Amino acid sequence: MRQDQLQKKLKIYTYIMLGLIAILCVRLAVVQIFYTEEYQTKARENRMRLVAIKAPRGEIYDRNGSVLAANELVYTVSLTYVDTENQDEVIKSLSKMMIPYYPQVTPEFIEKKIKQQEFRLFEPVVVMRDIPWELVVKIEENRNLLPGVSVTIEPLRVYPGGTLAGHVMGYVHSINADELAEADDGRYNINSLIGKSGVEKQYEKVLRGTEGARRVEVDATGRPLGELVTLEPTAGNNLTLTIDKKLQKVMEVSAENIIRDIQRGRPKAKVASAVVLDVKTGEVLAMCSKPDMDPNDFKGNISGDKAQYYFPQGDYNPLQPGAATNRAIQTTYPPGSTFKPITGMAGLEAGVNPQGDYVNCAGKYWIAPYIGCTGVHGSLNYYSGMAKSCNVYFQEIGRRAGKDKIIKVAKDFGLGERTGIDLPYESKGLVPTPEWKKEINGLLIDRKYDAERKELEEKYRTLLANADSEQERERLRAKKENEKENLEARYQIEYNFDTKWQAFDTFNMSIGQGANNYTVIGLANYAATIANGGNLMRPHVVRQVTDSHGKVIKKYDPQLIHHTSVSARTIKETRRAMATVTDPGGTAGFLFSNFPSDVKVAAKTGTAETGRAGDIASKEFHGVFIAFAPADNPQIAFAGVVEYGRYGSE
């Protein structure tokens, strides 16, 4: 290349460079003059971080001040996604460090958490709470490999008693999308913990605190340089429960021992629940449900084994029943013979003389369907009939009282309705009525016969389509009409019989079978109402709310739902009759043979059909028991169920 050509090209390149520099200078001038404030603001915001400070939840105490739920400071590892460069490498490095401690924290695990938070990536993604100190040190030592990863200290729920009153306490876990959408007060974010069951859920607004915040200056790698402003969090309010920790422990140990003893002969007996109430106030002194639930298990991510233990998949299996359910309030059971005091009170209100009106038991009732008894009891009045739990006696008393009176008394004592206890997910139970039977059975019969009608139409549609002649089709049409008439006649007979209340419905209800279904808390409250003379109280588990300084904010006083319409005399005679159950010769007499003589107990045992397929043939029943004491001046009432426990007296 000639010298003059080279000089010419260099001159062109020089002009191009000068032009580019001029453009950059103009752009820089524009930014400096016109956009100074905007970019200064962006720069400040880029070096500032607003870090939330978690508020400790209010603590929970038993009635005597023993701690049932508290808080502990733990290390939490989070990933601020928007600060993360080379995100795949960061995720892999973090996973590699955490897997020896938490095998489930794979790169896919972290990516799934990021995906769940994809619309709120400006907030840190919590990877794991309550990590050990060794892991904290490891993360800090490798900070250069983990831009965007931070370890913070925050309060986390802890339950010192473990499984003790676990179902009453409930548990706290990560908020889900639906819960976040429903929270319209702005006090939750995607990383918040929220009460999911028990007291923790019912009193969430009382227990939760108000988060604080720190404004922190950071460098380009996200390392904190200094703290500018701190807004301190406000702790949640504390709860004092009605639960007596010592009594709760006694009941849970007793339930465990009873289940173990019964399982030797009946391996399906793995589930039990029980409640103790103060009969005058409705306070829940103890409530347990087996299998146990440890709220501490829900603080982090639940393993597959624990998830199956608490929330098993598929149909209900007595051998793997699911421990997350509080069966004292969420599950309904046939009451068996524990319903007989209701029948007895209905009979007394209808004019039955508890002392003078005798019924002869020859082993089975003399009216169809001839329901049998547990033995041949001979001549019985109200007291001996209750002591022996005689099916014949109470079927006859039920017949004399009539279904309407029995239903009225049952509802008067709160059965078939929610008690209104201050715990979530309470089930309702059922007092069967003629209206209920017509609605339910009518629906089932209509469904059955609609299917048969459809099948009949399909059958003859095919036959008519394949008929060889008009004569054959006429014959088929006539046959179809005949079958249709027979079908409709069967429908009318079955509908009229199965939707109408029959005498045997009254007999079944009188002895606590049939469609009767009640919760354990409902049975306990019904026993308490007999014990206190007819005051149906609303059960409750919280006594008072206090702030973090111990100042009482709110007290929960006893709440009367209503006074029953049953006479004081009827209730008095029923209490006297139930006291005979624990006398020698009564169905629970042997249980109390060594009981202190100065504490008389009134009770009723129950052996209840489970209502589950195949259990009648295999002679498997639930054991049910209600009681109150002392019988002459009742203070507490009890109800308990052991699934597949067979006898209430066990």
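For this chain, numbers begin at 1 and follow the sequence in order. This one's a predicted model, so the numbers in the text were calculated from it and none came from an experiment.
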* Asked: Between His622 and Tyr644, does the ring centre distance come in under 6.0 Å?
  -> yes
* Asked: Would you call Glu204 and Arg57 a salt bridge, taking side-chain N to carboxylate O under 4.0 Å as the test?
  -> yes
* Does the Thr419 side chain pair with the main chain of Ile421, one donor and one acceptor, at a distance under 3.5 Å? -> yes
* Mind checking whether Phe298 and Tyr310 have ring centres under 6.0 Å apart? -> yes
* Structure fact -> So the salt bridge (charged side-chain N to carboxylate O under 4.0 Å, His left out) pairs with at least one residue in residues 410-429 (sequence neighbours excluded) are none
* **Salt bridge present between Arg569 and Glu349 (N-O < 4.0 angstrom)** => no
* With no hydrogens and no angle check, is any side-chain donor or acceptor of Glu59 less than 3.5 Å from a backbone partner on Ala69? -> no
* To do: Enumerate the residue pairs fulfilling salt bridge (charged side-chain N to carboxylate O under 4.0 Å, His left out) with a member in residues 267-278, sequence neighbours excluded, ordered by first and then second residue.
  => Lys268-Asp615, Lys268-Glu620
* Above 12 or not: heavy atoms from other molecules or residues under 6.0 Å from CD of Glu439? -> no
* Structure fact -> Only one of Lys196, Glu200, Arg208, Lys201 passes side-chain contact (heavy atoms from CB on, under 4.5 Å) with Val172, and that residue is Glu200
* Asked: Would you call Arg543-Asp557 a salt bridge at under 4.0 Å N-O?
  -> no
* Asked: In terms of side-chain geometry, is the basic nitrogen of Arg260 or Glu256 positioned less than 4.0 Å from the acidic oxygen of its partner?
  -> no
* Is the Tyr556-His540 ring centre distance short of 6.0 angstrom? -> no
* Asked: So how far is it from Ile530 CD1 to Thr570 OG1, rounded to the nearest 0.5 Å?
  -> 11.5 Å
* Asked: Between the side chains of Thr546 and Tyr61, is a donor N or O closer than 3.5 angstrom to an acceptor N or O?
  -> no
* With Arg576 as the cation and Tyr383 as the aromatic partner, state whether NZ or CZ is under 6.0 Å from the six-membered ring centre and within 45° of the axis. => yes
* Carboxylate-amine/guanidinium contact Lys403 Asp505, below 4.0 Å -> no
* To do: Answer yes if the ring centres of Tyr333 and Tyr518 are under 6.0 angstrom apart, and no otherwise.
  => no
